[in-house]
Every structure is written in structure tokens, then in C-alpha cells.
**Q** 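Can you read through this structure? Questions will come right after.
Throughout, a chain's letter reflects where its sequence line sits, starting with A, and its residues are numbered from 1.
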Protein chains: 2
Amino acid sequence: MKALRFENNQLSVAEVKVPRASEEAVVRVLLSGVCNTDLEIARGYAGFQGTLGHEFVGVVEDAPEQTLIGRRVVGEINAGCGKCEGCAGGDARHCPARTVLGIVGRDGAHAEFLRLPIVNLLPVPDSVSDERAVFTEPLAAACGIIERARIDANTRVAVIGDGKLGLLCVQALKAQVGTGVTLIGKHQTKLAIAARRGIETILLKQLSHSLKHCFDVVVEASGAAGGFALALDLLRPRGTLVLKSTFSGTTSLDAARIVVDEINVVGSRCGRFAPALELLRQNTVDVESLINETRPLADGVAALQRAAESGVLKVLLRP
Amino acid sequence: MKALRFENNQLSVAEVKVPRASEEAVVRVLLSGVCNTDLEIARGYAGFQGTLGHEFVGVVEDAPEQTLIGRRVVGEINAGCGKCEGCAGGDARHCPARTVLGIVGRDGAHAEFLRLPIVNLLPVPDSVSDERAVFTEPLAAACGIIERARIDANTRVAVIGDGKLGLLCVQALKAQVGTGVTLIGKHQTKLAIAARRGIETILLKQLSHSLKHCFDVVVEASGAAGGFALALDLLRPRGTLVLKSTFSGTTSLDAARIVVDEINVVGSRCGRFAPALELLRQNTVDVESLINETRPLADGVAALQRAAESGVLKVLLRP
């Protein structure tokens, strides 16, 4: 089968063996989504070698549990040991022995087939199209913010970054807590996607000094070096900065500001899939507007280059 | 009167006017303590100009409230506007208009006299000597950790840094929550001060790899560049890193680690004085062992140089 591989510092679409079911299910991929993390991995982040991709929707081709076969599914990307405290509690996201689809020790979704434990799979409601279902993973990550920061309808929240992650974060927050959430970004066209959903948006260059120290929670979803410093400027004392972006290398920060203003900085990575699938089923989140193009998997290398271009949001791959 | 001043990038002991009472109290300083923040200010931190020093014990010389006159006191260092939400709730620590003794817009304690609002003053119990009472402010800062991180007797806590701040932090934590707290530092002689109080200590160069990801809470009190990275190594996923040190300049950090392991980073600055005074009264904290020497205020410049030397903990100034 074809797979988009990163090996020896080289991206290529290669022919590899189709995975077999064994104790895990084999899923035929219908669509996969290119994430910034894929681009970061291709820059050396996480030291991963293998098939890239962790956002997908597919159909179960083979599985130890017969009832799953033929079901359209999405899949949680962390596969745990099943025995540690987290796994025993149904949460493999911090299992120290975990593999992560297309990120840590497990071939990913930019392929014709992938393999995942059956506990990771969730059936997709018929009313949710493939093009929407493929956003379950990044939308789940956006939904995970409220696991990490106390946010209710009275919380003043700003999201920095109008890329696909930021756009999903503001929409998830608005849908989950109906909060007064503001999106700050550099691109009028991208901000417009959120504005159409009734979300307040601010063009970065028009950001008023009067908003300094005005927000209870700021979500950094730009991945840009300046995002961290801007977030500290926008936060009230004892406010919470949620870091969503993973990127390679180090960031410099003004640690004294964190101490003096007693800021909370919380990292937020993966969210649970069920709340995200529910938002997609309710049609409360616009993901279609985030899709720039769908390319054949065979064009995977060019698709990743395209996804890295300024102004591009989501690029999908179809095997 | 004499005062240790930092002006035009220059430290000196100068003759200045004695402050007058007005709406605030005038306190005759008995002892003041040199803090690392004083040294950071002399390197440009906080852009402060004026009399340094924020750790003191003194006697009220004059005040609008007669009953205070002659009382031996310590004083909370943040002086608020009295009207904002925080001040109205009795907490001026984050008042946006606050002045801070010897740090922001208010002459400090390395002087013969200082001025503070009467609400900032706390009487010192007779049983607490001047040499102990002068530690109220830094001990309060150490006591403030439990305001910012959930810590109980079952929490595994590590404190990084065996300087005066770290030694106060471990002792405060042990006294407040009786927790299994471990001090990690570079100096056997400094670690010994904590060990004598029954605190587990580890010499940094003997730190075992097996302690990686073992702690629920790590307090960074070293102010060293490596402290942040070490803290991230020691923390379990979703653990809490408490930042205590303020220093000028930026620190580089591996933000992806914070995201992937979903770490909480919380800044912690000033604590409340009452719990610290109570610990001093109960004699549950050894502060005497932290005193290296007491110098006359007139030798203030040399005293700051001495305080900056490796191996030195607390230097006190006596006007």
C-alpha cells in the first residue's frame, strides 16, 4: 500500500506492507488531515520515523471484534499499555509506554490502511460526512482546553492565532461554554470564518492597548514566537495561559512576568473524541470552511508543502 | 538619614531625608535583609530607582494611629490603592496601581527609616527575635506556594535550589502540610540545614535518573537557567511547576514539553505575613542557620557584594 513516510530526514510516498489485524483493528483510511505537527515532525520534532498522520476517518477492514468490521470510525491517537493508572482509568493520553499514531512509535494515517487498538475507535454518526469527521481529532484537542482551564460563561477568553487550531479552539469554546471568546489573528479572511459564527475577532495590528491585562484566559494557538509574550500582555494577574501548539526547539519567555503576575501556564495536548464528535453531529462548528483542498495520497509530499504555505488552513489526503 | 540607594545604575549609601508620617506610618528599621531581588534590581530588574530593600523588622516611630507607636512590626510590601477589587478584598498584591517597598515606586528598607501604610504592618510577638522576624517576608513568600498549587500530605514535592529561598520553601512546606518534600541543591553545607530539620535532600550531581517524572509538584527556587529544564524532567505528566525566582532577562524553555506532558506552570510571588509569623513564633523553621553575617547599613554596598558571593545565604543590615 502507499504511505507518506518520514525516514532519514526525507519525506516520500512509499510502498509498504498492509498492516494485519492481530489484536488491533485495521482501518481503511477514507480521508486524512495534514496537521502542523506533521510539518514539525518533518522538521525533526519528536524524532519520529515512519508513516505520518494522526487525523483520519476510515472504515474498519478487519478486527478481532467482528461487529466492528465495516463500521465508519475515527480513532483516538494515544495507544496505552492498558495497565498503568491512567490506562486503567480509561485515559491513555499520559501512559508512559504509549505509542501515538503517526507521532510516537506507531505508523500513522497518511496511508491506505492503519492499525489501532479497538478501544481507540469510535463509530461516526451517519449524519457526519467524511469531510467533517476527519476533523474529530483536532476538534477534540480544542475541546480539551476546558479540561485544563476553568472556563465558564463569565470567563473572558482570548485565542491567539487564526490558523486551523485557533479557529477550532474558539468555536469549541463558544459551543461548549458559550463564553465571551475573542479570536486574535493576522488574517482578515481567516478571522472571517470565526466572525461568521458570531465570534468576536480582532486583527492583530488593530489590537488596542486597552485590552492589556483584560483576559482571564488566553489560549496560545499561533505557534509563533510572539504569541507567548502577547498572551502575557493580555492576561490579568493570576490569569491562565493555555499552550496548545507543539513545535520543535525552545521558546524564550519572560519568567519574571509569570512570577510577578502569578500567571498559570497550562499545557493542553489531546482531548477526548466523544465531545468533539457530538459537536460535529450537532453541526455547531464550521470545519468545512477550513478545508483548502483535498489531494490524492500519492501527492502527499506536495500536500505537506502546500499545507505549510501562508494562508492555507487544512489540506486533506485521500488514499 | 542613611539609605542604600540604587540610582543611575549606581549603588551607594547616601544621606536622604527622613520620611514623614502623613497618612502612613514611619518605621525605624532595626534590621533589614538582603534578598536576591535586591541584587537583580542592581542588575536592572524592574527598572527601580531609589532605596533598596523589602525585608525588615522595625519599631513604629510615628503613625496616624497612636496605639501603633512604639510597636515592633514587620510589614507587607505591597501598598495598594485601597479601592480596586483586590484591595477591597484585603489583598493588594495584584493591585494594578500598587507600589512595592524597595521594588516599585516606593523607597525601601535598607535605610534608617521607612514608610508604609498602617494596614501593611503586623506586630511581632515578643518571643520572636529581630533576627527571626526579619525573615517574615521571605518566609511568607515560601508560605505562599500552597496558595498557588494544590499540595497535601500525599503530594510528592521537590524544591530545586538550596539557596535561602529554597531552604525557606522546603521548611515552610514541611511545616504547613507535612508533605514528603525533597530539596535538590548543589551545596552539601546548605542542604545540611534542611537535613537537620528532617527534610530529605539530594545533591544535584547525585540525582538519580529514577526520579524522572516522579514528582507531583516541583518548586523552582534556584533562579538558574537549568532549573526550569530540570523541573520539567522531574515532574509527572499533568504535574505542577511552581516558579518562585524573579530575575531579569528571558529564559528559554521547551514549550512542547509543557504541552505534551500537560504541565501546569504557576508563578508565585508574595505570600501573606500572618502564617509566616506564626511559623516563626512556633519555632518550626530554622532561619538562624541562614544568616551569614550582619553588617552596618553604612557598609551596604559591600554587603550586597557579599550577598552575591557563592555559598552565602542571608546578609543582614543594621542601621
**Q** Checking R93(B) against chain A: side chain, backbone, both or neither under 4.5 Å from a heavy atom?
**A**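 Only the side chain of R93(B) comes within 4.5 Å of chain A.
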**Q** Which bit of L243(B) is near chain A, if near means a heavy-atom gap under 4.5 Å: side chain, backbone, both or neither?
**A** both
**Q** Using a strict cut-off of less than 4.0 Å between a Lys/Arg side-chain nitrogen and an Asp/Glu carboxylate oxygen, indicate whether D216(B) and R236(B) qualify as a salt bridge.
**A** yes
**Q** Evaluate the salt bridge (Lys or Arg N to Asp or Glu O under 4.0 Å) criterion for residues E262(B) and R269(A): first the C-alpha distance (whole Å), next the side-chain angles of each, then the deciding distance (0.1 Å), finally the verdict.
**A** CA-CA 7 Å; E262(B) 299 196 317; R269(A) 181 170 44 106; 5.3 Å; no
**Q** Please lay out, stage by stage, how V177(A) and V157(A) fare under the test side chain to side chain contact (heavy atoms under 4.5 Å, CB included).
**A** CA-CA 11 Å; V177(A) 287; V157(A) 184; over 6 Å; no
**Q** Which of the residues V259(B), D261(B), V242(B), I258(B) is involved in the greatest number of heavy-atom pairs with chain A at under 4.5 angstrom?
**A** V259(B)
**Q** If you define the side chain from C-beta out and look only at heavy atoms, does anything of L122(B) sit under 4.5 Å from T136(B)?
**A**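 When only atoms from C-beta onward are counted, T136(B) and L122(B) do not touch, as no gap falls below 4.5 Å.
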